[in-house]
**Student:** 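The structure's right below; bear with me while I get my questions together.
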Amino acid sequence: MLDIQLLRTNPDLVARKLATRGLQWDQSAFRALEDERKTVQTRTQELQARRNSASKAIGAAKGRGEDVSAQLAEVATLGDALTADEARLDEIQARLEEILLGLPNLPHDSTPIGSSDKDNVEVRRWGTPRLFDFGVRDHTDVGERLGLLDFATAARISGARFTVLKGALSRLHRALGQFMLDVHTSEHGYTEAYVPYMVNADSMRGTGQLPKFEEDLFGVPRGEQGKFYLIPTAEVPLTNFVRDQILAPEQLPLRLTAHTPCFRSEAGSYGRDVKGMIRQHQFDKVELVQIVHPDLSYQALEELTGHAESILQRLDLPYRVMALCSGDIGAGSAKTYDLEVWLPAQNAYREISSCSNFEAYQARRLQARFRNDKGRPELLHTLNGSGLAVGRTLVAILENGQQADGSVLVPAVLRPYLGGLERIQAV
RNA sequence: GGAGAGUUGGCCGAGUGGUCGAAGGCACUCCCCUGCUAAGGGAGCAUAGGACCAAAAAUUCUAUCGAGGGUUCGAAUCCCUCACUCUCCGCCA
């Protein structure tokens, strides 16, 4: 959520920044509402003040045992006007809130300007894609030939966009999550957390999934009490740790990580990545979240991105870092780096992690604050990134580690998690 | 699922219709005193929004005592609904 003060005092800046996202923001509706808000609010508060002082006088007069019927009659005349004004003010403020909740964040000055992923800027590259002296298979082929990847069974159990893993592949999947958590907690200073996979609407609103992106979520009916939502990422529960909290400065930075399943409806992605486990309704991810002092959030973004990169490096997977352009970053983000891992069968780099600085966009919705050096509550900055998407990491290992005989090499750092297994063979 | 008790400021906690944005304590900030590691005295100390202003400060107004609704001239206080917490019983991985 943007600062409404900014919309009031500098609407042109807001419009200009939003335009870099390809969004033509029509200020007129906002301005008209603001003007009305001002008159109605002033009038309402005047009426309230008159009612309050009159009521106080009645109390005092009664205390002295005087007759108050004249004063009662007078204050009664305020009633209707006040009720009407209060109702109108509520309406206006709800509308303003709606507009505010619908606006995405303003891209940071360092975010490249552009309209689509074609305009994203490569920042750096790590590793060298391996040269194959045999026909490269995609991860689906590799996994199915091993007899350990089973989409047919998944389809019978649930449907499209689900996966069943078996045997060593399932264990490799488990190992990846463990490995990532171990690195982030023991070397990068994150605190591991176990969190709910179903959350309430307030939490979804806090991180920005609601109200605009409800169609991307799975909801679980809950009778009278509305519904739960399945988390699309652990960002939601982790970032909501600080909703409605005022942190002491010495608690910062907060670094949290969790390994959770993520659930996405993938509405609107029909026809994209239909084959394989690239785009699933359910996938595992190790998420990194940082809650930091506003002055330090861009430094934190570089660090957090590095934390995610270090996993790819240890797994010896070639990747590149992309600075997403203004037209491609997520709604809440001011700046995003995507990590893209090399997938030889696609002959392309594919997203495996997305690291973003939300600045105060989420914090304002969450009312997540800290006490600054003046002792005043001030909004925090929130960041998050995948460290990494476990399913896609498995895909990368299957494709990059495949051998001519159909087996797959297990990256050295994962072998301790697999009882020393060096190579996954067909069963 | 049943029965009961709760939810007040950074924390603890008083407050059952008016003088309550809210006693008292703790914590914190400043000043004074004292001087040796802890104590005494004084002052300040919620959040958000509005008005005023070029802006800030000051001033002032409004709202906020779990959330929403109601009664009333007036609600932390009375009524209703909901959420959450705790205790006991039941069920249960």
Side-chain angles (χ1 to χ4, degrees), chain A residues 1-13 30-31 33-101 194 196-206 220-229 237 240-252 254 360 363-380:
Chain A
M1 189 156 75
L2 298 176
D3 184 358
I4 193 164
Q5 300 291 0
L6 189 65
L7 301 208
R8 283 177 188 146
T9 57
N10 206 342
D12 293 335
L13 171 78
F30 175 77
R31 281 175 183 247
L33 270 172
E34 258 296 292
D35 287 345
E36 194 185 352
R37 190 222 89 227
K38 207 161 167 173
T39 42
V40 176
Q41 181 165 358
T42 311
R43 199 167 62 212
T44 307
Q45 294 188 346
E46 259 166 39
L47 288 173
Q48 284 170 330
R50 275 167 63 192
R51 182 202 58 199
N52 288 348
S53 62
S55 293
K56 221 166 217 180
I58 290 172
K62 272 194 167 173
R64 292 190 300 270
E66 298 170 9
D67 174 40
V68 295
S69 51
Q71 294 170 63
L72 279 178
E74 193 196 326
V75 79
T77 62
L78 296 175
D80 288 349
L82 188 53
T83 308
D85 274 355
E86 280 174 340
R88 181 61 192 150
L89 188 60
D90 282 352
E91 234 172 83
I92 293 167
Q93 279 175 335
R95 275 287 302 140
L96 284 171
E97 165 113 348
E98 205 181 303
I99 289 173
L100 224 48
L101 283 174
Y194 171 78
Y197 302 157
M198 297 194 288
V199 302
N200 57 35
D202 282 344
S203 292
M204 287 294 188
R205 230 185 323 273
V220 180
R222 206 194 162 194
E224 306 277 307
Q225 294 143 39
K227 57 178 159 182
F228 286 126
Y229 293 90
N240 272 280
F241 274 34
V242 293
R243 171 151 54 90
D244 294 323
Q245 302 296 306
I246 299 176
L247 303 186
E250 56 270 21
Q251 291 176 268
L252 302 175
L254 220 56
R364 187 169 290 109
R365 292 168 169 239
L366 293 160
Q367 282 302 296
R369 296 170 295 173
F370 73 106
R371 216 163 269 285
N372 66 21
D373 46 20
K374 292 195 190 80
R376 315 289 303 175
E378 183 179 334
L379 293 172
L380 290 157

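Letters A, B, ... mirror the listed sequences (proteins, then strands); counts begin at 1.
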**Student:** Of Arg369(A) and Ile4(A), whose closest RNA chain B nucleotide lies nearer the 5' terminus?
**Tutor:** Arg369(A)

**Student:** So, does Arg365(A) use its side chain to make a donor-acceptor pair with the main chain of Met204(A) at under 3.5 Å?
**Tutor:** no

**Student:** Distance between the P atoms of rU64(B) and rU71(B), in whole angstroms?
**Tutor:** 16 Å

**Student:** Listed by chain and number, what are the salt bridge (charged side-chain N to carboxylate O under 4.0 Å, His left out) partners of Arg43(A), not counting sequence neighbours?
**Tutor:** Asp85(A)

**Student:** Show me the donor-acceptor pairs, under 3.5 Å and distance only, between side chains in residues 53-62 of chain A and residues at least two apart or in other chains.
**Tutor:**
{"from": "Ser53(A)", "atom 1": "OG", "to": "Ala49(A)", "atom 2": "O", "distance (Å)": "3.3"}
{"from": "Ser53(A)", "atom 1": "OG", "to": "Arg50(A)", "atom 2": "O", "distance (Å)": "3.1"}
{"from": "Ser55(A)", "atom 1": "OG", "to": "Arg51(A)", "atom 2": "O", "distance (Å)": "3.0"}

**Student:** What pairs with Gln48(A) under side-chain hydrogen bond (donor to acceptor under 3.5 Å, both in side chains), at least two apart in sequence or on another chain?
**Tutor:** Glu86(A)

**Student:** Which whole number of Å gives the distance between the P atom of rU87(B) and that of rC80(B)?
**Tutor:** 26 Å

**Student:** Take atom NZ of Lys38(A) and atom C1' of rC53(B), then tell me their distance rounded to the nearest Å.
**Tutor:**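 Rounded to whole Å, this separation is 12 Å.
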
**Student:** Let me know the distance between CG of Leu78(A) and C1' of rU72(B), rounded to the nearest Å.
**Tutor:** 14 Å

**Student:** Going by salt bridge (charged side-chain N to carboxylate O under 4.0 Å, His left out), name the residues that satisfy it together with Glu36(A), two or more places apart in sequence or in a different chain.
**Tutor:**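 In terms of salt bridge (charged side-chain N to carboxylate O under 4.0 Å, His left out), with neighbours along the sequence ignored, Glu36(A) is linked to Arg88(A).
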
**Student:** With sequence neighbours left out, what residues match Glu378(A) under salt bridge (charged side-chain N to carboxylate O under 4.0 Å, His left out)?
**Tutor:**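 Checked Glu378(A) against salt bridge (charged side-chain N to carboxylate O under 4.0 Å, His left out); zero matches.
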
**Student:** Tabulated below should be each protein N or O lying under 3.5 Å from an N or O of nucleotides 91-93 of chain B; please produce it.
**Tutor:**
none

**Student:** Counting only side-chain N and O atoms of Arg364(A), is one of them less than 4.0 Å from OP1 or OP2 of rA48(B)?
**Tutor:**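 Answer is no, no contact under 4.0 Å.
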
**Student:** Please find the pair of heavy atoms, one from Leu380(A) and one from Ala363(A), that lie closest to each other, and give the distance.
**Tutor:** O-CB, 3.1 Å

**Student:** Measure CG/Leu72(A) against C1'/rG74(B) and give the value in whole Å, please.
**Tutor:**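 Leu72(A) atom CG is separated from rG74(B) atom C1' by 10 Å.
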
**Student:** To the nearest 0.5 Å, what is the distance between CD (Gln45(A)) and CG (Asn52(A))?
**Tutor:** 11.0 Å

**Student:** My understanding is that only residues two or more places apart in sequence, or in another chain, count here; which of them pass salt bridge (charged side-chain N to carboxylate O under 4.0 Å, His left out) with Arg205(A)?
**Tutor:** Asp202(A)

**Student:** Starting at CZ of Phe228(A) and ending at C1' of rC84(B), how long is that distance when rounded to a whole Å?
**Tutor:** 12 Å

**Student:** Using Watson-Crick or G-U wobble pairs with both distances under 3.5 Å, give me RNA chain B in dot-bracket, 5' to 3', with [ ] for crossers and | for pairs to another strand.
**Tutor:** ((((((((.[[[..)..(.....]]].(((((.......))))).((((((.......)))))).[[[[[..)....]]]]])))))))....

**Student:** Classify Glu86(A) by what it touches in the nucleic acid, base, sugar-phosphate, or nothing, heavy-atom distance under 4.0 Å.
**Tutor:**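 No contact at all - Glu86(A) keeps every heavy atom at 4.0 Å or more from the nucleic acid.
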
**Student:** Give me the distance, rounded to whole Å, that separates rC20(B) from rA63(B) when you measure between the C1' atoms they each carry.
**Tutor:**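 Nearest-Å result for rC20(B) against rA63(B) at atom C1': 15 Å.
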
**Student:** Let me know, please, whether Ser53(A) or Glu34(A) comes out on the 5' side of the other along RNA chain B by nearest nucleotide.
**Tutor:** Glu34(A)

**Student:** In whole angstrom, give the distance that lies between atom CG of Leu89(A) and atom P of rU64(B).
**Tutor:** 13 Å

**Student:** Could you state the CZ-C1' distance from Arg88(A) to rU62(B), rounded to the nearest angstrom?
**Tutor:**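 Going from Arg88(A) (CZ) to rU62(B) (C1'), I get 19 Å.
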
**Student:** Going by number, which of residues 43-52 of chain A have a non-hydrogen atom under 4.0 Å from RNA chain B?
**Tutor:** Gln45(A), Gln48(A), Ala49(A), Arg51(A), Asn52(A)

**Student:** Salt bridge or not for Arg31(A) and Glu34(A), using N-O below 4.0 Å?
**Tutor:**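 No, Arg31(A) and Glu34(A) are not salt-bridged.
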
**Student:** Would you indicate which nucleotide in rA51(B), rU47(B), rG49(B) comes nearest to any side-chain atom of Thr42(A)?
**Tutor:** rA51(B)

**Student:** With sequence neighbours excluded, what pairs up with Ala248(A) under the side-chain contact (heavy atoms from CB on, under 4.5 Å) test?
**Tutor:** Glu250(A), Gln251(A)

**Student:** Can you check each nucleotide of nucleotides 7-18 of chain B against protein heavy atoms at under 4.0 Å and return B for base, S for sugar-phosphate only, - for none, in 5' to 3' order?
**Tutor:** -----------B

**Student:** Any idea which heavy atoms bring Leu379(A) and Phe370(A) closest together, and the distance?
**Tutor:** O-CE2, 3.8 Å

**Student:** For Tyr229(A), check ring pair (Phe, Tyr, Trp, His ring centres under 6.0 Å) against everything at least two apart and list the hits.
**Tutor:**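 Not a single residue meets the ring pair (Phe, Tyr, Trp, His ring centres under 6.0 Å) criterion with Tyr229(A).
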
**Student:** Are side-chain heavy atoms of Leu366(A) and Phe241(A) found at a separation under 4.5 Å?
**Tutor:** no

